[in-house]
Amino acid sequence: MPADIPGIHHVTAIASDPGRNYEFYTETLGLRLVKRSVNQDDVSVYHLFYGDRSGTPGTSMTFFPYPDARPGRVGTGQATTVQFVIPDESVEYWTDRLGSEGVAHEGPYERFGDTVIAFEDPDGLPLELVARADAPDGDPPDGPVPAEHAIRGFFGVTLSLATASGTGSLLKTMGYQPTRSEHHRQRFRAAGDLGAVVDVLEDPEAPRGEAGAGTVHHVAFRVSDSEQAQWHDALVDRGLRPTQIIDRKWFRSIYARTEGGVLFEFATKSPGYTVDEDVDELGETLVLPEWLEDRREEIESNLPPLPVAPREA
Ligand code: ZN
């Protein structure tokens with residue numbers, strides 16, 4: 001078996017208006033646009049990546065913003081909530097900030113000893129800030145949120161499942177072990193510092209999720225280059241049907257839909273977002289995989305304009 005997975009690599013969700021999505025994640029939440037590209041399966045749509053200063057695996061929240069996307073329905077068979085980690089002394093800063101930015105929020109309340117603030121992005125995607133004394137210092141971006149209060153990356157995700165057993169068993173294989181539970185929530189924990197939590201909510205009566213704006217498309221986990229093929233075989237052994245290894249330019253990926261209906265990705269940490277842009281220039285220009293470069297003019301002319309912050313001096 002390959003070594004245990006330390007945590008989440010990235011989470012990809014569907015949005016509607018790309019400009020509104022950009023403003024919320026960079027200005028309200030203070031993340032950095034670390035890659036501005038297109039959906040490699042539909043080049044009329046952006047693929048926007050937000051993260052810490054250098055786009056460290058475990059920090060990057062990515063979106064396919066379809067301007068005319070219908071709202072989806074958050075429900076079973078999906079990752080339903082994205083959890084970000086903040087330092088434990090930053091709770092008041094964030095409740096004040098969300099309030100002054102006009103973002104309705106619930107909490108702070110306590111879950112498993114942590115302080116949690118819950119809110120939604122402009123498309124209704126459920127988000128949480130989880131305050132932890134062990135939040136890593138990380139590599140905060142320059143931006144509207146002071147470094148001491150910056151979002152450090154993922155704490156975890158919440159999966160909503162009609163039946164939890166198959167996905168729970170897969171998570172254990174991956175290195176996420178069951179820890180605490182309360183009500184319908186079973187927490188699984190891996191050993192890494194970012195994205196090491198998967199909470200599973202089992203509810204056979206809950207409505208089934210429908211893809212659309214404000215829903216998660218897939219959750220990607222970090223794997224090493226040398227063990228990715230072993231993960232492919234391990235997924236086949238479990239009766240899943242993983243894709244072959246796909247080169248996504250900034251990482252290589254395999255995808256497999258879990259028994260519970262959630263799409264998982266197993267993505268390599270390398271080469272990373274700085275393979276084609278200097279760290280100081282991440283996100284400033286549209287970057288395309290080489291096989292799309294000869295269509296750049298056509299692709300750029302079909303994309304809506306996006307405000308990109310001027311380069312920091
Ligand atoms: Zn992905």
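Order of listing sets the numbers, starting from 1, for every ligand and every atom in it. Heavy-atom basis, side chains included; hydrogens, waters and symmetry copies ignored.
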A.B. asks: What's the separation between atom OG1 in T62 and atom OH in Y46, rounded to the nearest 0.5 Å?
C.D. replies: 15.0 Å
A.B. asks: State whether the number of non-hydrogen atoms from other residues, nucleotides or ligands found under 6.0 Å of E110 atom CD is greater than 12.
C.D. replies: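 More than 12 heavy atoms, drawn from other residues, nucleotides or ligands, come within 6.0 Å of this atom.
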A.B. asks: In E265, which N, O or S atom comes closest to the Zn ion (ligand 1)?
C.D. replies: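 Nearest to the Zn ion (ligand 1) within E265's N, O and S set: OE1.
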A.B. asks: For the Zn ion (ligand 1), decide whether H9 has an N, O or S atom at a distance under 2.8 Å.
C.D. replies: no
A.B. asks: Check each of L194, V130, I151 against F84 using the side-chain contact (heavy atoms from CB on, under 4.5 Å) test, and report the only one that passes.
C.D. replies: I151
A.B. asks: N/O/S of H10 less than 2.8 Å from the Zn ion (ligand 1)?
C.D. replies: yes
A.B. asks: So, T56 and D139: side-chain donor and acceptor under 3.5 Å apart, yes or no?
C.D. replies: no
